[in-house]
Amino acid sequence: MDDTHNISVKLLDWYDVHARELPWRISPQDRARDVLPDPYRVWMSEIMLQQTTVATVKDYFLKFTAKWPNVEALSKASEDDVLRAWAGLGYYSRARNLKKCADMVVAEHGGNFPADVKALKALPGIGDYTAAAIASIAFDIPAPVVDGNVERVFSRLFAIDTPLPAAKPLIKTKVDSVLCPMRAGDFAQATMDLGATICTPKKPACTHCPIRDNCRALADFDPELFPYKLAKKEKPKRKGAAFVAVSPSGDVLLEQRRSSGLLASMAQVPTTEWNSRQDGVSDINGAPFSADWKHRGTIRHVFTHFELELIVWHAENVHSDGENYWWSTRENLPDEALPTVMKKVISCAIPDLF
DNA sequence: AACACGGGGGC
DNA sequence: GCCCCAGTGTT
């Protein structure tokens with residue numbers, strides 16, 4: 001028995017016993033009977049799981065699949081409906097591509113996801129990873145599924161000392177050489193589960209690892225040294241001010257962000273530009289209109305590529321209005337497409353709202 | 001190849 | 001605080 005086959009057998013045996021039960025997975029009984037999961041649910045979960053943890057995704061997945069149980073239903077929703085439901089999950093281009101992809105599956109594939117890696121990758125929001133994951137999990141098509149977990153598992157397994165992301169092609173080749181073509185979906189999920197639960201970034205549980213005897217990093221080095229990564233750059237800081245205007249009846253003034261760039265098309269309270277430097281006191285000059293603005297504090301929020309500090313101003317009994325604004329009632333505020341940074345801002349001015 | 005793109009959890 | 005995460009699309 002060659003070593004690569006040995007590895008996949010051990011991984012699958014481990015997975016048969018230790019597979020986690022997750023909302024987007026079929027039951028162990030169905031899995032034992034070779035039943036395949038609904039491609040729509042596999043797709044939905046994989047999009048949500050991009051750069052997002054299982055714990056965060058669970059509630060959103062249940063909400064989305066209850067609201068839109070199939071691709072036709074999602075296709076009938078508006079982009080804004082989807083954006084509002086996605087609010088708080090981050091990477092909002094995923095939500096717009098989700099809607100676009102649903103439309104394309106209905107229009108170009110008769111409402112069925114294509115059982116083909118290339119056709120899947122042609123759909124918006126589906127890249128190398130997700131195309132391989134859907135093909136493997138939903139259709140049992142053998143394809144190398146390489147995410148952050150798998151990169152770590154295989155970097156350690158073969159003690160790959162090329163730093164990421166340059167090592168990615170090599171890792172993909174290794175995964176391709178190990179994967180089990182008879183159980184492509186289970187193999188993909190087994191390697192990701194292993195990375196999430198055993199082969200963790202810090203303090204991996206090597207004693208519980210089903211493939212510890214095959215691991216070069218464990219035998220010759222220290223698994224925690226892998227994967228090698230390029231040093232990351234320092235995050236620049238930006239500052240600005242945000243203005244929470246409240247009407248006599250308690251409504252909050254909102255506007256929609258532009259349709260491209262950061263937090264595209266999401267809702268926000270009026271703000272100044274987010275610049276690299278700004279002196280807090282003069283920020284009030286950036287208010288959208290004059291009012292009895294009161295300073296309520298400062299909130300901080302970290303984005304992928306910069307840190308933001310917003311001074312929060314608050315005014316009540318505001319009557320002013322404008323074409324690009326709307327008033328959101330207190331009851332409706334949780335249903336607006338408000339990103340987390342804006343919930344922080346509004347909570348700073350109006351505590352106990354969310 | 002580098003960058004833009006959110007947010008939350010673990011330690 | 002720092003690191004990571006079931007990545008994709010654009011330039």
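Numbered from 1 within each chain, the chains take letters A, B, ... in sequence-line order.
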Self-check item: Which residue lies more 5' along DNA chain B, comparing A:V302 with A:A166 via nearest heavy atoms
Solution: A:A166
Quiz item: With respect to the phosphate group of C:dG9, does any side-chain polar atom (N or O) of A:R96 fall under 4.0 Å of OP1 or OP2?
Solution: no
Quiz item: Would A:T340 and A:H301 satisfy side chain to side chain contact (heavy atoms under 4.5 Å, CB included), going step by step from the backbone distance to the final call?
Solution: CA-CA 9 Å; A:T340 297; A:H301 191 78; 4.0 Å; yes
Quiz item: Do other residues, nucleotides or ligands put more than 12 heavy atoms under 6.0 Å from the NZ atom of A:K63?
Solution: yes
Quiz prompt | Separation of the P atoms in C:dT11 and B:dG6, to the nearest angstrom | solution = 16 Å
Quiz item: Would you say the base of C:dA6 and the side-chain of A:R20 have a donor-acceptor pair closer than 3.5 Å?
Solution: yes
Exercise. For C:dG7, take OP1 and OP2 only and decide whether either is under 4.0 Å from a side-chain N or O of A:Q50.
Key: no
Self-check item: Closest to side chain of A:N149, choosing from C:dC5, B:dG7, C:dG7
Solution: C:dC5
Quiz item: Are OP1 or OP2 of B:dG6 and a side-chain N or O of A:T52 less than 4.0 angstrom apart?
Solution: no
Exercise. May I ask you to evaluate whether A:Y92 reaches the phosphate of B:dG7, defined as a side-chain N or O under 4.0 Å from OP1 or OP2?
Key: yes
Quiz item: Checking all strands, does A:I137 fall into the base, sugar-phosphate, or nothing category for heavy-atom contacts under 4.0 angstrom?
Solution: nothing
Quiz item: Within less than 4.0 Å of OP1 or OP2 of B:dC3, is there a side-chain N or O belonging to A:K235?
Solution: no
Quiz item: Just checking A:W24: base, sugar-phosphate only, or nothing, at a heavy-atom cut-off of under 4.0 Å?
Solution: base
Exercise. Identify whether any heavy atom of A:P339 sits under 4.0 Å from a base atom; if not, whether one sits that close to sugar-phosphate; answer base, sugar-phosphate or nothing.
Key: sugar-phosphate
Exercise. Could you tell me whether the side chain of A:E336 and the main chain of A:A267 form a donor-acceptor pair under 3.5 Å?
Key: no
Practice problem: Under 4.0 Å between any heavy atoms, over every strand shown, what does A:L263 touch: base, sugar-phosphate, or nothing? Just pick one. | Solution: sugar-phosphate
Practice problem: Assign the ring pair A:F306 / A:W274 to parallel, tilted or perpendicular, where the plane angle (0 to 90°) is split at 30° and 60°. | Solution: tilted
Exercise. Give a yes/no on whether any side-chain N or O of A:H301 is located under 4.0 angstrom from OP1 or OP2 of B:dG6.
Key: no
Exercise. Just compare B:dG7, C:dC4, B:dG6 and give me whichever is closest to any side-chain atom of A:R152.
Key: C:dC4
Quiz item: Which value, in whole Å, describes the distance between the P atoms of nucleotides B:dG8 and C:dG9?
Solution: 23 Å
Quiz item: With a 4.0 Å cut-off on heavy atoms, is A:T200 in touch with a base, just the backbone sugar-phosphate, or nothing at all?
Solution: nothing
Quiz item: What orientation do A:W293 and A:F243 show, parallel under 30°, tilted 30 to 60°, or perpendicular over 60°?
Solution: perpendicular
Quiz item: Is the phosphate of B:dC3, meaning OP1 or OP2, less than 4.0 Å from a side-chain N or O of A:K233?
Solution: yes
Quiz item: Contact class for A:F303 vs. all strands (heavy atom < 4.0 Å): base, sugar-phosphate, or nothing?
Solution: sugar-phosphate
Practice problem: Report, as yes or no, whether the 6.0 Å neighbourhood of atom NE2 on A:H208 holds more than 12 heavy atoms from other residues, nucleotides or ligands. | Solution: no
Practice problem: Indicate the ring-plane relationship of A:F113 and A:W43, choosing parallel, tilted or perpendicular according to the 30° and 60° boundaries. | Solution: tilted
Quiz item: Looking for any heavy atom pair under 4.0 Å, which part of the strands does A:R25 touch: base, sugar-phosphate only, or nothing?
Solution: base
Quiz prompt | Pair pattern of DNA chain B in dot-bracket, where unpaired bases get dots and | marks partners in another strand, Watson-Crick or G-U under 3.5 angstrom | solution = |||||.|||||
Practice problem: Please step through ring-ring contact (aromatic ring centres under 6.0 Å, His included) for the pair A:W86 and A:Y60, ending with a clear verdict. | Solution: CA-CA 7 Å; A:W86 196 275; A:Y60 282 91; 7.2 Å; no
Exercise. Decide yes or no, distance alone: a donor-acceptor N/O pair under 3.5 angstrom between the base of B:dG6 and the side-chain of A:T304.
Key: yes
Exercise. With C1' as the reference atom in both, quote the distance from C:dT10 to B:dG7 in angstrom, rounded to an integer.
Key: 22 Å
Self-check item: hbond_proxy A:Y91 side chain to B:dG6 base (donor-acceptor, 3.5 Å cutoff)
Solution: yes
Quiz prompt | Inter-nucleotide P distance (B:dC11, C:dA6), Å rounded | solution = 14 Å
Exercise. Name the nucleic acid region contacted by A:K344, choosing base, sugar-phosphate or nothing; use a 4.0 angstrom heavy-atom cut-off, strictly under.
Key: nothing
Quiz item: Within 45° of the six-membered ring axis of A:F354 and under 6.0 Å from that ring's centre, is NZ or CZ of A:K343 located there?
Solution: yes
Quiz item: How many Å lie between CG on A:D128 and P on C:dG7, as a whole number?
Solution: 13 Å
Quiz item: Is the distance from OP1 or OP2 of C:dC4 to the nearest side-chain N or O of A:K232 less than 4.0 Å?
Solution: yes
Quiz item: Expressed in angstrom and rounded to an integer, what is the separation of A:R94 atom CZ from B:dG6 atom P?
Solution: 9 Å
Quiz item: Quick one: is B:dA4 close enough that its OP1 or OP2 comes under 4.0 Å of any side-chain N or O from A:H305?
Solution: no
Practice problem: Take A:L230 and A:G88, find for each the nucleotide of DNA chain B with the closest heavy atom, and name the residue whose nucleotide sits nearer the 5' end. | Solution: A:L230
Quiz item: For B:dG8, does OP1 or OP2 lie under 4.0 Å from any side-chain N or O of A:T340?
Solution: yes
